[in-house]
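Presented below is the structure to which this report refers.
So that the names make sense, note that chain A is the first sequence line, chain B the second, and so on, each numbered from 1.
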Amino acid sequence: DAGITQSPRHKVTETGTPVTLRCHQTENHRYMYWYRQDPGHGLRLIHYSYGVKDTDKGEVSDGYSVSRSKTEDFLLTLESATSSQTSVYFCAISGYSNTGELFFGEGSRLTVL
Amino acid sequence: GESVGLHLPTLSVQEGDNSIINCAYSNSASDYFIWYKQESGKGPQFIIDIRSNMDKRQGQRVTVLLNKTVKHLSLQIAATQPGDSAVYFCAENSGYALNFGKGTSLLVTP
């Protein structure tokens with residue numbers, strides 16, 4: 001299995017609180033991604049990174065920010081969580097941009113009450 | 001907008017039969033396609049991929065077919081087993097990332 005660790009794996013929080021999800025990789029891959037998965041919507045891209053300090057928005061980036069200060073870590077932050085952000089969040093990594101396999105983490109289940 | 005979609009949300013097959021999962025895409029500029037399998041409570045796992053310069057690619061018990069004329073992708077699973085029960089996603093490349101379809105749930109019955 002690809003060396004991807006997501007933390008926390010489960011979190012329950014209240015509306016309006018900040019939340020940070022962490023993705024850590026040991027593969028030294030350049031590209032890292034955050035997706036959210038919701039019933040009826042499949043996997044939707046939130047943000048991605050194509051290098052240290054190089055990030056860009058995906059299709060559902062509103063309400064989320066990211067940071068990548070080291071190759072191995074990609075953080076997803078919800079500045080003020082809302083109930084609509086209740087979801088399962090997946091981190092993925094790739095060495096080849098959009099023409100290669102994505103390796104996914106095990107997911108982080110976030111519940112916003 | 002451009003999107004990747006699936007023809008059927010659920011598919012039930014008997015153990016030992018062949019399964020076919022279909023996917024339509026609308027971005028004619030896409031040149032890379034990939035299938036993932038997701039078991040309950042886990043992250044998606046790579047099954048097989050195909051580039052647009054190919055029509056067919058085979059793996060172990062799986063075959064992906066690409067029809068660029070009608071923008072259609074299919075995943076064939078031979079001799080379906082109970083362990084094949086999962087949600088299957090197709091995806092196409094878009095910018096720096098992959099754009100995923102909504103998924104098809106495959107249920108294998110004894």
Side-chain angles (χ1 to χ4, degrees), chain A residues 1-7 9-10 21 23 25 27 29-51 54-61 66 68 74 87-109, chain B residues 1-10 21-27 29-54 57 59 62 64 66 73 86-106:
Chain A
D1 291 342
I4 308 171
T5 304
Q6 291 186 229
S7 59
R9 294 290 314 281
H10 301 272
L21 304 179
C23 179
Q25 61 145 329
E27 305 297 322
H29 281 341
R30 177 181 177 185
Y31 301 93
M32 298 186 74
Y33 306 84
W34 278 107
Y35 285 86
R36 61 177 289 175
Q37 185 172 36
D38 305 288
H41 291 280
L43 288 155
R44 293 181 291 174
L45 181 65
I46 305 171
H47 281 280
Y48 63 94
S49 169
Y50 46 96
D54 291 324
T55 65
D56 207 347
K57 298 178 180 180
E59 64 176 302
V60 291
S61 60
V66 289
R68 191 169 178 199
F74 192 32
S87 186
V88 180
Y89 292 86
F90 286 98
C91 174
I93 64 174
S94 176
Y96 302 101
S97 181
N98 66 352
T99 56
E101 179 182 350
L102 284 184
F103 298 94
F104 283 85
E106 292 298 298
S108 295
R109 180 174 294 276
Chain B
E2 308 267 358
S3 65
V4 176
L6 290 156
H7 293 309
L8 294 173
T10 59
I21 301 172
N22 296 304
C23 180
Y25 67 95
S26 56
N27 185 356
S30 295
D31 59 5
Y32 177 76
F33 304 88
I34 192 167
W35 281 97
Y36 279 87
K37 173 186 179 183
Q38 186 177 25
E39 297 176 335
S40 181
K42 295 187 177 181
Q45 289 187 304
F46 171 86
I47 301 173
I48 192 167
D49 60 2
I50 188 169
R51 298 186 186 276
S52 60
N53 61 352
M54 302 172 68
R57 191 168 188 215
V62 295
V64 55
L66 176 62
L73 192 68
V87 176
Y88 291 81
F89 294 94
C90 64
E92 62 180 339
N93 60 342
S94 175
Y96 278 112
L98 293 177
N99 180 30
F100 285 82
K102 293 180 172 56
T104 291
S105 177
L106 176 65

- request: Could you tell me which residues satisfy ring-ring contact (aromatic ring centres under 6.0 Å, His included) with A:Tyr50, sequence neighbours excluded, listed by chain and number?
  value: B:Tyr96
message: Taking side chain as everything from C-beta outward and backbone as N, CA, C, O, which of these in A:Leu45 sits under 4.5 Å from a heavy atom of chain B? Side chain, backbone, both or neither.
response: side chain
- prompt: Between B:Tyr36 (side chain) and A:Leu102 (backbone), is there a donor-acceptor pair under 3.5 Å?
  reply: yes
query: Can you name the nearest heavy-atom pair linking A:Gly42 to B:Phe89, along with the distance?
result: CA-CE2, 4.0 Å
message: Rounded to the nearest 0.5 Å, what separates atom OH in A:Tyr48 from atom CG in B:Leu98?
response: 12.0 Å
query: Contact part of B:Phe33 toward chain A, heavy-atom cut-off under 4.5 Å: side chain, backbone, both or neither?
result: neither
message: Side chains of B:Lys102 and A:Leu43, heavy atoms from C-beta outward: is any pair under 4.5 Å?
response: no
message: Quick check: closest heavy atoms across B:Ala97 and A:Tyr35, and the distance to 0.1 Å?
response: CB-OH, 4.0 Å
task: For each of A:Arg109, A:Gln37, A:Arg44, tally heavy-atom pairs with chain B at distances under 4.5 Å, and name the one with the top tally.
output: A:Gln37
message: Could you go through A:Phe103 and B:Phe46, starting from their C-alpha distance and side-chain angles, then the distance that decides it, and tell me whether this counts as ring-ring contact (aromatic ring centres under 6.0 Å, His included)?
response: CA-CA 8 Å; A:Phe103 298 94; B:Phe46 171 86; 8.0 Å; no
field: Smallest separation among heavy atoms of B:Gln38 and A:Phe90, with atom names
entry: NE2-CZ, 3.4 Å
statement: Taking every heavy atom of A:Glu101 against every heavy atom of B:Ile34, the minimum-distance pair comes out as CA-CD1, 4.0 Å
field: Engaged part of A:Gln6 at the chain B interface, taking heavy atoms whose separation is under 4.5 Å
entry: neither
